[in-house]
**Q** 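I am attaching a structure below and will ask some questions about it afterwards.
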Amino acid sequence: MRSIISLQARNCFRSATRWNYGLPCKAVRWSSTETRQWSTPLAKQLSEAITATGPIPLAAFMRMCLTSDLGGYYMSKQEDRDQFGQKGDFITSPEISQVFGELIGIWFVAEWMAQGRKSKGVELVEIGPGRGTLMDDMLRTIRNFKPMASSIEAIYLVEASPSLRDAQKKLLCGDAPMIETSIGHQSTSKYANLPVIWTENIRFVPSGKNSGIMCTARSDSIADAERSPFIVAHEFFDALPIHAFQSIGPSDSAQSSIQTPTGSHTLSPEAAKSTQAKGPQWRELVISPTPPGATHTELHTSESQKSSNPPPEFRLTLSKAATPHSLYLPEISPRYRALKSAPDSLIEISPESHAYAQEFARRIGGSNDHPKPRPSGAAIILDYGPADTIPTNSLRGIREHKRVSPLSAPGLVDLSADVDFVALAEAALGASPGVEVHGPVEQGSFLLGMGIRERAEILMNGLGGDREKRERVESSWNRLVDRGGSGMGKVYKAMAIVPESGGKRRPVGFGGDVST
Ligand code: SAH
């Protein structure tokens, strides 16, 4: 995880003063990209694209940095570098302790039992599986619950990175062949001969809308109403692109000129008048290259990010005019609208995250267009972010377990942002009448409720007199639930989307018991 992040220092921009965002973009020399030395080919490509089109939304920058074919962070070859673990850039809960994945597996077993122990149609779906460790620990655990194990028809893994897909295949399928299919790739699980199917987006996982897609999975034959998807997304949502907006108050003065890639242009009196804000408005934070030779001081780089790093090559500025996103996104929820009239409010919105949460909800609970007579399945989302507020200034960059500027070395720095759990809950509830949402609850309380202490004790007892190993198990599980310092128990949260029960049933870990 980005678990190196301490509570005080999690947000790279928090230490930057707010007005730093609002600085008008100091005239960048648009023709300068040819001669400038860029840190990565992706930096050069981004700069050239911005030269041609003007500043781009933060979301577009983030998407390119993480998943561009030209050296996006997650797209690099596995042999070149490994993002995870001590030698990588960050470490995640499943990589810290096997108990984490085992308890997620047990959570699914408990949901499957509570929903009437269906004997077929169960699908395990993981979004952003990293090295595949979480799914491997889950499958090993679920294997011990024979009736559930035999109800599983297929395992779906949604993964953008070809190299991580290869790592997942190796771990989950061993030497079994991997074939290309119409929706992605497919192999066979080493555990139960089950099809393991990779797609690049959840939209390609067969469902009510797209079950016509040719697919070699056994689940092709399942009627949509009988599908029970059990979905996990761990540290996936924080990697999805965010848009950032700041509210501005009404202005008395109109803008007399605009800057475009072809230079400065004087506006006609009518056009100038239309730039004058009559009421409060949202403005989008956009990315542009820093002027060549700009220093850390000029760029207001925070102390913690300066170290020996060169000044970032890109910066965020406030767009002078409305963008298509600023006219639309901050208006979609009363939570954002309530802040519009408070000047200088900052908000982050991740429409791709909303789309994923909607997709989870529709698959579990059906939608108005594709009703599901009996909602079934469950989704659990584990990630970091505030419990009930809208994230602000939360974009951060991590490289080799250190915080660095997220606007430096595109493709070499892991970018992530706080997850807006309430926005995910709103999106899920709005998408399906057949689901309810529980949480978010702190990861510590979720894991303790799931019996992490007891499970770790069993594991330690099995290690006999090996003190070193016992201590490692002990410190690992403690780190997952610890609420202070570099612990992950408080900052990380868990949220569940389950079939609507009229509030009669709470999932285990969210205040409920295992019901059989
Ligand atoms: N869940 C894993 C990995 C978290 S890192 C763990 O906890 O260890 C994020 C994962 O999401 C990686 O597997 C990455 O390749 C994948 N990912 C990031 N952005 C994605 C996107 N837009 N679509 C699909 N997968 C993505």
**Q** Quick one: does I127's side chain get under 4.5 Å of I202's, heavy atoms only?
**A** yes

**Q** Do you see a donor-acceptor pair shorter than 3.5 Å between the side chains of Y384 and S416?
**A** yes

**Q** Any donor-acceptor pair under 3.5 Å linking the side chain of S247 with the backbone of S345?
**A** yes

**Q** Applying the salt bridge (charged side-chain N to carboxylate O under 4.0 Å, His left out) criterion to D136, which one of K170, R131, K190 satisfies it?
**A** K190

**Q** Checking side-chain contact (heavy atoms from CB on, under 4.5 Å) for the pair Y156/L124: CA distance, chi angles, key distance, verdict?
**A** CA-CA 6 Å; Y156 290 95; L124 293 183; over 6 Å; no

**Q** If you apply the rule salt bridge (Lys or Arg N to Asp or Glu O under 4.0 Å), what do you find for E111 with R505, and how did you get there?
**A** CA-CA 11 Å; E111 269 304 305; R505 183 179 73 82; 2.9 Å; yes

**Q** If you define the side chain from C-beta out and look only at heavy atoms, does anything of R506 sit under 4.5 Å from H438?
**A** yes

**Q** Among E442, Q443, E235, whose side chain to side chain donor-acceptor pair (under 3.5 Å) with Y492 holds?
**A** E235

**Q** Would you call I106 and V508 a side-chain contact if the rule is heavy atoms closer than 4.5 Å?
**A** no

**Q** Closest approach of N368 and P433, non-hydrogen atoms and distance?
**A** OD1-CG, 3.7 Å

**Q** Between S228, S151, P147, which is the residue that forms a side chain to side chain contact (heavy atoms under 4.5 Å, CB included) with K118?
**A** S228

**Q** For atom CZ of R140, decide whether the heavy atoms of other residues, nucleotides or ligands shown that lie under 6.0 angstrom number more than 12.
**A** yes

**Q** Taking D420 for the side chain and A423 for the main chain, is one N or O donor matched with an acceptor at less than 3.5 Å?
**A** yes

**Q** So, applying ring-ring contact (aromatic ring centres under 6.0 Å, His included) with F230, which one of F108, F360, W112 is it?
**A** F108

**Q** Tell me, do I452 and V481 make a side-chain contact under 4.5 Å, heavy atoms counted?
**A** yes

**Q** Go through it in stages, so that I can follow the logic: the residues are E95 and T133, the test is side chain to side chain donor-acceptor pair (under 3.5 Å), and I'd like the CA-CA distance, side-chain angles, deciding distance and then a yes or no.
**A** CA-CA 7 Å; E95 303 292 340; T133 312; 2.7 Å; yes

**Q** Distance alone, cut at 3.5 Å: any donor-acceptor contact between the side chains of S376 and Q115?
**A** no

**Q** I'd like to know if the side chain of Q168 and the backbone of L157 have a donor-acceptor N/O pair within less than 3.5 Å.
**A** no

**Q** Show your working on ring-ring contact (aromatic ring centres under 6.0 Å, His included) between F245 and H325 and close with a plain yes or no.
**A** CA-CA 9 Å; F245 303 98; H325 295 108; 7.5 Å; no

**Q** Distance alone, cut at 3.5 Å: any donor-acceptor contact between the side chains of E284 and S326?
**A** no

**Q** Between T181 and G184, is there a donor-acceptor pair closer than 3.5 Å when you use the side chain of the first and the backbone of the second?
**A** yes

**Q** With a 4.5 Å heavy-atom cut-off, do I104 and L134 have their side chains touching?
**A** yes

**Q** Yes or no on side-chain contact (heavy atoms from CB on, under 4.5 Å) for V158 and E200, after CA distance, side-chain angles and deciding distance?
**A** CA-CA 5 Å; V158 176; E200 286 181 18; over 6 Å; no

**Q** A quick test of your reading: do over 12 heavy atoms of other residues, nucleotides or ligands sit less than 6.0 Å from CG of D69?
**A** no

**Q** Do side-chain atoms of S187 reach the backbone of P177 as a donor and acceptor pair under 3.5 angstrom?
**A** yes

**Q** Answer yes if the side chains of H243 and E348 hold a donor-acceptor pair under 3.5 Å, and no otherwise.
**A** no

**Q** For the residue pair Y74 and E159, confirm or rule out a side-chain donor-acceptor distance under 3.5 Å.
**A** no

**Q** Determine, step by step, whether V122 and M148 satisfy the side-chain contact (heavy atoms from CB on, under 4.5 Å) criterion, reporting the C-alpha distance in whole Å, the side-chain angles of both residues, the deciding distance to 0.1 Å, and the verdict.
**A** CA-CA 8 Å; V122 170; M148 172 157 184; 4.3 Å; yes

**Q** How about H354 and E352: does a side-chain donor come under 3.5 Å of a side-chain acceptor?
**A** no

**Q** Do the charged groups of R337 and E331 touch, with an N to O distance under 4.0 Å?
**A** no

**Q** One thing to verify: whether R467 and E471 come together as a salt bridge, which I'm taking to mean a side-chain N less than 4.0 angstrom from a carboxylate O.
**A** yes

**Q** Between E153 (side chain) and G121 (backbone), is there a donor-acceptor pair under 3.5 Å?
**A** yes

**Q** Is it the case that atom CD in E468 sees more than 12 heavy atoms from other parts of the structure closer than 6.0 Å?
**A** no

**Q** Could you walk me through whether E457 and R453 pass salt bridge (Lys or Arg N to Asp or Glu O under 4.0 Å), step by step?
**A** CA-CA 6 Å; E457 263 161 25; R453 186 189 309 275; 5.8 Å; no

**Q** Could you tell me whether the side chain of P391 reaches within less than 4.5 Å of the side chain of V419, counting heavy atoms only?
**A** no

**Q** Determine yes or no for a side-chain-to-main-chain donor-acceptor pair under 3.5 angstrom, with D418 supplying the side chain and D238 the backbone.
**A** no

**Q** Determine yes or no for a side-chain-to-main-chain donor-acceptor pair under 3.5 angstrom, with K120 supplying the side chain and I152 the backbone.
**A** no

**Q** Counting the benzene-type ring for Trp, do F421 and F237 have ring centres under 6.0 Å apart?
**A** no

**Q** Could you tell me whether the side chain of L415 reaches within less than 4.5 Å of the side chain of V413, counting heavy atoms only?
**A** yes

**Q** Could you go through R455 and E102, starting from their C-alpha distance and side-chain angles, then the distance that decides it, and tell me whether this counts as salt bridge (Lys or Arg N to Asp or Glu O under 4.0 Å)?
**A** CA-CA 9 Å; R455 173 65 195 128; E102 291 171 353; 2.6 Å; yes

**Q** For a 4.5 angstrom cut-off between non-hydrogen side-chain atoms, does Y73 reach M62?
**A** no

**Q** For side-chain contact (heavy atoms from CB on, under 4.5 Å), just list the numbers for I197 and F204, CA-CA rounded to whole Å, side-chain angles, deciding distance to a tenth of an Å, and then say yes or no.
**A** CA-CA 10 Å; I197 296 151; F204 305 130; over 6 Å; no

**Q** State plainly whether the residues E474 and R470 are in salt-bridge range, i.e. N to O under 4.0 Å.
**A** no

**Q** Looking only at atom types and distance, does a side-chain atom of S367 sit under 3.5 Å from a main-chain N or O of S432, one as donor and one as acceptor?
**A** no

**Q** Does any N or O in the side chain of S350 come within less than 3.5 Å of the main-chain N or O of P241, such that one atom is a donor and the other an acceptor?
**A** yes

